[in-house]
Structures are given as structure tokens and as C-alpha cells.
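Everything below concerns the one structure shown next.
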There are 2 protein chains.
Amino acid sequence: MAQRTQRTRKSRTDALSRERIVEAAVELLDADGEGGLTFRALTERLATGPGAIYWHVRNKDEMLGAATDAVVAAALDIEPAEPPASPQDEIRAVALGLFDAIDWHPWLATQLATQLSRSPWSSVTPRIIESIGQQVRALGVPKGSWFTASSALMHYILGAAGQNSANGRVLGAGVDRSEFLDSVSTAWEKLDPDDYPFTRAVADQLREHDDREQFLAGIALILTGITTAYPPA
Amino acid sequence: MAQRTQRTRKSRTDALSRERIVEAAVELLDADGEGGLTFRALTERLATGPGAIYWHVRNKDEMLGAATDAVVAAALDIEPAEPPASPQDEIRAVALGLFDAIDWHPWLATQLATQLSRSPWSSVTPRIIESIGQQVRALGVPKGSWFTASSALMHYILGAAGQNSANGRVLGAGVDRSEFLDSVSTAWEKLDPDDYPFTRAVADQLREHDDREQFLAGIALILTGITTAYPPA
DNA sequence: ACCTGAACACCGTTCAAGT
DNA sequence: ACCTGAACACCGTTCAAGT
């Protein structure tokens, strides 16, 4: 009697699944960066062997792809504002959603680049294009330019967010943000005046800039470009 | 007599150097992608052992950084137009220089993302900021917005070029470009109409788009934004 | 100062075997 | 159908030893 809890098979809730694997992968990536995701660490955390994981997932690349897709999907799952905001505001919300996701999951920046360069237009791209595109349409951009306008926004967002994820990563090691920017800025000021006059001149703008504000200023520039090039009827 | 060519030491021109190592690294990356650059392959090509390489280079990361920097520097080494072109044209030239570099060296896209996210504002960033910034200044942008405007351009360029390097990579395997785009486009058209109305609607714009043209259209949009937000005096 | 090459710890992936 | 875990080939890096 009693002690029936002992089971040869894993209990139902412990059962391995693609979903649980991807979840664990994201946790490892968040905790220890790209280097932290190994099959060794993963099998330990999931209390299985590598063979079990390979039953649910083709290989590590696919696993990374699924992790990226999951995080991006969550980031873009924004409830529409009530009352409805302007297209500009909605675009800002989408952009900030991705910006923050990369800020929270610094490995996402590199992964998106790898991801997009392996299977360019699949999985993650439609999600982003859709979120941005619906607002581009609402902005009154003529249909023939939908693809151009939304691609431009997407590229800027991915480029900028990728660069900015850096700060978060560097700061991880107990480095003060303003201290860090100050050191880079000082380095810029020491560049060769003949080769780098402009960089030297903006060194103090780098020192004082705010990531988020700067990111939104870029979005604003592109939105201005879009509404100027395609004036609403 | 004769046969003095035999030497214990490497001949002077064969001598290992950081420069030769980086050069070989770039060749391996170009030939076989990121996976192609291993210390095994490198030692074979340079006819040495791993220890020799470690004498000139701290580790693989530093080597990748140096390779990236070298390729970017070469890409930005554009001779100024004669007679001088408009700032817009110069910006287009810089942008296309990077675009083409990533097209030629597809590994550059991922590497730039990794690179920038490890040491955000160092090495490669000043080169890009400088090339773009000088033209931003010539455009009449007020000094206080130099950093904002050039950052926005840089982020777009890196984001867009990264995405586009994909095509080149996929096509490597004997895949026809239009055939490939057609398949992706068809996949987009099959997405859920409720979740992806916009993506479905632009599927045929994806099918027919020209990478370079699209890239320049994005640049044009940002330039319009810049000149509208900061009208020349 | 510069190079050699064996050795080390670790990685992704496979596969015969179990249930 | 799903999981186990030993084994394999390969990787970046180190280091005592040579010249």
C-alpha cells in the first residue's frame, strides 16, 4: 500500500515536449547568454538525455529559431489601445515592444540577424511585417508602397534595437551606464582629428544620449519621411 | 652547390603575422561561411600550429572582430566623387558600399550584430558614423541633431543589409532567385487571412521586389525625413 | 621572440537499446 | 511512440618544449 507515486514513466506534467524544451532554452539564454545554451545544460535542466531532446527538435539551429520566434511573438502580442491610438502611436508601440524584447533578451539581437539571414522571409518576418504594415496602411500610404514603407521601418527597428542591446549586455557586469558611455565618448574624442572630425564632434552627444529617446527619434524621422513622401489624401 | 632554398625558419615572406592571419580568416569565411572558420582549417592553410596563431591573436573572437573591421574599412574606403556629388549621393554611395560588402561577405551581417553587441561603440562604429556623418553635416542638419540623424541612417543600413545578405546566401545552393522569392511569396499568400491580412496583401510586392532598389527606397525615405525635419537654411 | 604539436575540456549529434 | 546514455567526431584553447 501507499507509495504509488513511484513511476517508471515520467508523470504527465513532466512529459517532455517541444514547448517545454523551447521554454527551457529561452531561460538558459536569458540567464547565461548564447554560450549558456548547450545540450548539456539543457538535459540537466530537463532531467533527460540528449536523445530525448532530439526526438522533439531537429537540431540546435531549429531550437534557436523556435526560441526566437516565441519571444518575438510574445513581444508583438500587444493589445490594441482603447480608444484606438493614431497609426503613429501604434507603430511606436510595436517598435518599443521589439526594442524592449531585445533589451530583456540580449541574445535576441544576434539571433535575429542569424535567423533572418538563414531563412530570410520566414517565421519571424511575417509577424513583424504584419504588425507594422497594418499601421502603415492606416497611415494612408498607397498600396504600391506598402512593402517599401514597412520594410524600411522593420529594418531600422532591427538595426537599432540590435545595437542598443549592447548597452544592456555590457552593463550586466556591474558597469555603470554613464561611466561606460563616458569612456567610449572619451575614446572617440581621442580619435585622429584628420580621419574622424565628425565622430569627435558628436562624442558628447553620444555621452548624453538616451537609448529609448534616440530610438524613437529615428522612428519619427522615418515616419516623417513616409508621410512626406506619401501625403495622406 | 645550389639548393639553398631549404630553410629551417620560415622565409621572410612566409612569416606569420596578425595581418596574414586575418586575411586567411576572411578567405575561409568567404569560402565556407561562419562554420568554415576553424583553427584546424586556419592552421592548415597557414601551415602552422594553433599555438602560432595564438601568439598573434588573443582568441577567435578577436580574430573575427579584426576580420569584420578589415572588411568594413575596405568597404568604406570610397574615393570621393569628382566633381563632388550631392550629400544625398554620397550617402547613397556609402550605404551601397556596406550593402555590397555584406552581399559579398554574407557572414558579415551576423558578425556585425555580434560585434556591435559585444563592444557597441568601438572599432567599426566610428568608421560608419564618420562616413555617414560628414554627409549629414553637409546636408545642413543642425549640430544638435547630428548624432540622431547619422545613427538612424546607420541602423537602417545595418538592418537592411543584414536581411538582404540572406538572399545571396540562400541562392548559393544553386537556387534560382525568382523561384525562391516565388515560393516565399506563395507561403505568405497561404497565411491565415484573419491574422495576416497585410502580409498576404504585400506577398506579390515581395515576389517582384528588387533588393537594391528597395534598399535605396528606404534610404530615400529617411533622407526625406531628415531634410523635412531639418530643412536646409 | 616566435613557433610546434600533443593534450584537455567541451561541444552537437548519433544510435543501439530499452520501455 | 518516446526516452536513455554511451560513444563519436570535432571544436577552441593551453602549455611544455623547441629554436
query = Judged by atom type as modelled, is there a donor-acceptor pair below 3.5 Å linking the side chain of S183(B) to the main-chain atoms of F180(B)?
reply =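 Here the side-chain-to-backbone pair exists.
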
ask   = Counting only N and O atoms by type, is there a donor-acceptor contact under 3.5 Å from the side chain of E62(B) to the main-chain atoms of V57(B)?
value = no

Rounded to the nearest Å, what distance is computed from the [atom1] atom of residue [X] to the [atom2] atom of nucleotide [N]?
X	N	atom1	atom2	result
L42(B)	dG5(C)	CG	P	16 Å
I21(A)	dC2(D)	CD1	C1'	11 Å
R40(B)	dC10(C)	CZ	C1'	12 Å
R58(A)	dT13(C)	CZ	C1'	14 Å
E62(A)	dG12(C)	CD	P	15 Å
E44(A)	dC10(C)	CD	C1'	14 Å
K60(B)	dC11(C)	NZ	P	15 Å
R18(A)	dA1(D)	CZ	P	19 Å

request  = State yes or no: are the ring centers of F198(A) and F147(B) separated by less than 6.0 Å?
outcome  =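 When the ring centroids of F198(A) and F147(B) are compared, they turn out to be at least 6.0 Å apart.
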
ask   = With no hydrogens and no angle check, do the side chains of S151(B) and Q214(A) hold a donor and an acceptor under 3.5 Å apart?
value = no

Nearest-nucleotide pick for [X], side chain only, options being [options]:
X	options	result
H56(A)	dT14(C), dT4(C), dC3(D)	dC3(D)
P50(A)	dT14(C), dG12(C), dG12(D)	dT14(C)
W55(B)	dC3(C), dT13(C), dT4(D)	dC3(C)
T48(B)	dC11(D), dC3(D), dT4(C)	dT4(C)
Y54(B)	dG12(D), dA6(D), dT4(C)	dG12(D)

inquiry  = If you assign D61(A) and I53(B) each to the DNA chain C nucleotide with the nearest heavy atom, which residue ends up on the more 5' nucleotide?
reply    = I53(B)

key: Of A52(B) and N59(A), the one whose closest DNA chain C nucleotide lies more 5'   = A52(B)

task = Using both distances under 3.5 Å as the test, list the Watson-Crick or G-U wobble partner of dG18(C), or none.
result = dC2(D)

key: Identity of whatever pairs with dA7(D) - Watson-Crick or G-U, under 3.5 angstrom   =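 When the pairing criteria are applied, dT13(C) turns out to be the nucleotide that pairs with dA7(D).
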
salt_bridge(R177(A), D211(A)) N-O dist < 4.0 Å = yes

